Amino acid sequence: MSSMVVYSESIGCRPANAAPPLRGAGSAAAGCASPEVRLTRRGRLVVLMGVLAPVFGIVMLIGAPAASTDQTHHPEGRTVVVEPGDTLWDIAASVAPSEDPRDVISQIVDLNSLTDEGSIRVGQPLYVPLH
């Protein structure tokens, strides 16, 4: 008559009279030892994200906003609406009649982020410097 040994893989324990597991099977040591914890690649990623998420949140809360420290000061000016037939030269001459229109045109182009000097449209508001 033979005896039957039942080995429960789910709890990792085997009776003392059971045959030792095969080498490399990765089962628990003799007796009732706690099972070995092994993390898969996905498990390591989950643990890493669990650690990095709170750290990232703290950095975002503590870090200073980038735009709040940069205070850009524009020269005082007013807004002019482009009328039909107006050119930048006409607008510059009417805004600052005593100055060189080329300098005023350069300021208008810079203040309004125009791509080139002829890129104005009728009805477009233009920010012009006070002179």
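As the structure is a prediction and not an experimental result, all values here were calculated from the model.
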Residue set satisfying side-chain contact (heavy atoms from CB on, under 4.5 Å) with L52, at least two apart, ordered chain then number -> L48
Of all the heavy-atom pairs spanning P125 and T79, show the shortest one and how long it is.
CB-CG2, 3.7 Å
Mind checking what makes side-chain contact (heavy atoms from CB on, under 4.5 Å) contact with L61, not counting sequence neighbours?
none
Looking at every non-hydrogen atom in both residues, tell me the closest pair between P97 and S94 and how far apart they are.
CD-O, 4.1 Å
Looking at R78 and P129, would you say the former's side chain and the latter's main chain have a donor-acceptor pair under 3.5 Å?
no
Output a table of donor-acceptor pairs, distance under 3.5 Å, between side-chain atoms of residues 82-93 and any protein atom two or more places apart or on a different chain; print 'none' if there are none.
| unit_1 | atom_1 | unit_2 | atom_2 | d |
| --- | --- | --- | --- | --- |
| D86 | OD2 | E83 | N | 3.0 |
| T87 | OG1 | W89 | N | 3.4 |
| T87 | OG1 | D90 | N | 3.2 |
| T87 | OG1 | D90 | OD2 | 3.1 |
| D90 | OD2 | T87 | N | 3.4 |

Which residues pass the side chain to side chain donor-acceptor pair (under 3.5 Å) test with E99, sequence neighbours left out?
H131
By side-chain contact (heavy atoms from CB on, under 4.5 Å), R121 pairs with (sequence neighbours left out) Q124
Only counting residues at least two apart or in another chain, list the ones meeting side-chain contact (heavy atoms from CB on, under 4.5 Å) with N112.
I108, L114, L126, Y127
